[in-house]
Amino acid sequence: MNRHSNGLTLAALVLAGLNMRPLLTSVSPLLGQLRQTMGLSSLAASLLPAVPMVMMGAVALLSASLMQRVPLQRLLIAGLTLLLLALAARGVIHDGQWLVVSALFAGLGVGVVQMAMPGVIRQRFAQRSAPMTGLWAGSLMGGGGLGAALSPWLSAHFGWSVALTGWALPVLIAIVLWLVVRLPATHHAERIELPALWRKPRAWSLALSFGLVNGGYATCVAWLPDAYHRLGWTAQAGGSLLGVMILCQVAGALLMPLLARKADRRPQLLISLVCQLVGMSGFLFAPLLAPWLWAAIAGFGLGAAFPLAMVLALDHLPHPQAGARLVAFMQGVGFIIAGCMPFIAGQLQAFTHSFTSVWIMQSAVTIGLILLNLRFHPHSYHRAFGRTVD
């Protein structure tokens with residue numbers, strides 16, 4: 001594979017990653033405007049971040065059969081096309097229910113791309129899969145930051161409709177790039193006996209941990225700008241606060257895995273969770289004292305936990321096929337759990353008329369995650385799954 005081809009694939013990979021989260025982060029800073037212009041209900045506002053995450057999980061659970069039948073490049077283009085159509089449709093939507101429908105199809109598209117991309121990385125960057133996976137995660141989070149920071153500006157200058165549909169343009173560019181990229185033919189991997197993951201408590205524990213961490217991310221993406229809007233901040237300021245949080249997520253995703261050189265991943269996981277707890281506690285007890293600091297600390301912890309969870313799952317089953325299946329199960333169940341979190345948070349806020357209950361919930365969840373992750377000692381890996389895939 002020549003350098004030009006690898007460079008083009010790398011550019012397409014980064015651009016695809018940048019398009020995975022604006023469908024979520026472009027909405028949350030504009031919730032106040034959407035409530036006024038289209039009568040967005042509290043239920044619909046809660047479903048907007050929840051539905052795409054659940055769809056991502058559903059696609060991940062179906063990934064094994066889909067990837068055996070459809071070439072990776074075709075999956076990528078199909079997923080991006082579905083995302084493009086869903087974002088473009090927002091330009092003619094004037095009802096909150098249809099906005100939720102667009103989120104459903106956008107989440108399906110994102111789920112397909114996220115399902116296919118690890119296979120692309122293994123095909124094209126086999127010798128550099130770890131840093132390429134980190135770059136994919138960083139671009140994914142960075143796109144979320146762009147969506148949060150730029151959408152209020154787009155809305156102020158061109159209207160909320162353009163602020164939501166404008167994110168279809170980079171998706172279109174990504175589709176064009178992936179039409180040009182040529183991926184190598186897929187070779188069927190050696191068939192091995194894999195454990196029934198749904199019968200393994202450790203698989204469910206990993207999925208629960210992954211889901212609750214990503215639920216914290218989804219809750220902040222969905223409600224952090226609105227929480228500060230209720231405290232008197234402008235939409236632009238709230239979006240910028242979320243942008244800072246996501247920028248620090250990118251830093252955590254890129255830096256923390258570099259420190260995880262030993263077999264025991266718990267020290268880095270616990271650092272990331274303590275950072276999340278500090279940030280959530282800051283939002284709870286002193287939201288106006290140092291909001292930028294709380295956002296930065298929580299963001300670093302949330303970003304660091306995402307790739308560490310992936311590495312932890314792969315450590316349990318080192319055979320590539322077995323590890324990929326465990327990651328798919330973890331993400332499938334985990335994203336469904338994550339999708340429930342912002343919905344629960346929205347309903348809590350609507351019931352209590354305060355975001356205090358949301359930050360109490362997130363702080364309690366993070367304490368539970370700290371206790372759960374203490375169980376993931378390397379000595380327990382083989383005992384959790386047996387030695388059938390060593």
Side-chain angles (χ1 to χ4, degrees), residues 18-53 55 80 82-110 142-174 217-247 295 339 342-343 345-346 349-350 355:
L18 290 173
N19 281 296
M20 294 296 97
R21 292 297 180 266
L23 81 132
L24 295 172
T25 60
S26 62
V27 172
S28 54
L30 307 179
L31 281 177
Q33 296 176 53
L34 296 176
R35 286 191 183 100
Q36 293 177 0
T37 56
M38 65 169 58
L40 189 70
S41 67
S42 59
L43 177 61
S46 300
L47 288 172
L48 279 172
V51 167
M53 300 290 279
M55 291 301 102
L80 288 168
L82 194 56
L83 176 60
L84 172 69
L85 295 174
L87 291 174
R90 289 180 168 181
V92 296
I93 287 173
H94 297 283
D95 183 273
Q97 294 179 347
W98 286 106
L99 196 60
V100 173
V101 173
S102 76
L104 185 152
F105 286 101
L108 283 174
V110 168
L146 289 174
L150 294 181
S151 293
W153 182 88
L154 289 170
S155 179
H157 288 80
F158 305 104
W160 64 264
S161 181
V162 173
L164 295 181
T165 59
W167 297 103
L169 179 59
V171 180
L172 179 61
I173 298 172
Y217 165 80
T219 298
C220 290
V221 163
W223 298 114
L224 184 63
D226 198 42
Y228 276 86
H229 180 68
R230 303 290 178 93
L231 294 174
W233 287 36
T234 65
Q236 181 66 65
S240 297
L241 183 67
L242 182 58
V244 167
M245 182 178 184
I246 296 175
L247 180 65
F343 177 80
Q349 190 278 328
F355 279 97

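Reckoned from all heavy atoms, side chains included, excluding hydrogens, waters and symmetry mates.
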Nearest 0.5 Å please: distance from the [atom1] atom of [X] over to the [atom2] atom of [Y].
X	Y	atom1	atom2	result
Trp160	Leu34	CH2	CG	6.0 Å
Gln236	Ser155	CD	OG	10.0 Å
Gln349	Asp226	CD	CG	6.5 Å
Met20	Thr25	CE	OG1	12.0 Å
Trp167	Leu18	CH2	CG	9.5 Å
Leu48	Leu104	CG	CG	11.0 Å

Verdict with supporting geometry, Met53 and Val221, side-chain contact (heavy atoms from CB on, under 4.5 Å): CA-CA 12 Å; Met53 300 290 279; Val221 163; over 6 Å; no
Which atom names give the shortest non-hydrogen contact between [X] and [Y], and what distance separates them?
X	Y	value
Gly109	Leu82	N-CD2, 3.6 Å
Ala50	Gly339	CB-O, 2.8 Å
Thr219	Ala345	CG2-CB, 3.8 Å

Test item: Leu146 and Arg21 side chains (from C-beta on) under 4.5 Å apart, heavy atoms: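 The answer is no, as the side chains (C-beta and beyond) never meet within the 4.5 Å cut-off.
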Non-hydrogen side-chain atoms of Pro52 and Leu23 separated by less than 4.5 Å: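 They are in side-chain contact.
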Qualifying residue, where the test is side-chain contact (heavy atoms from CB on, under 4.5 Å) with Leu87 and the options are Leu83, Leu84, Leu85: Leu83
Name of the residue among Leu30, Ile93, Leu154 meeting side-chain contact (heavy atoms from CB on, under 4.5 Å) with Leu164: Leu30
Whether Phe355 and Trp223 hold their rings parallel, tilted or perpendicular, with breakpoints at 30° and 60°: tilted
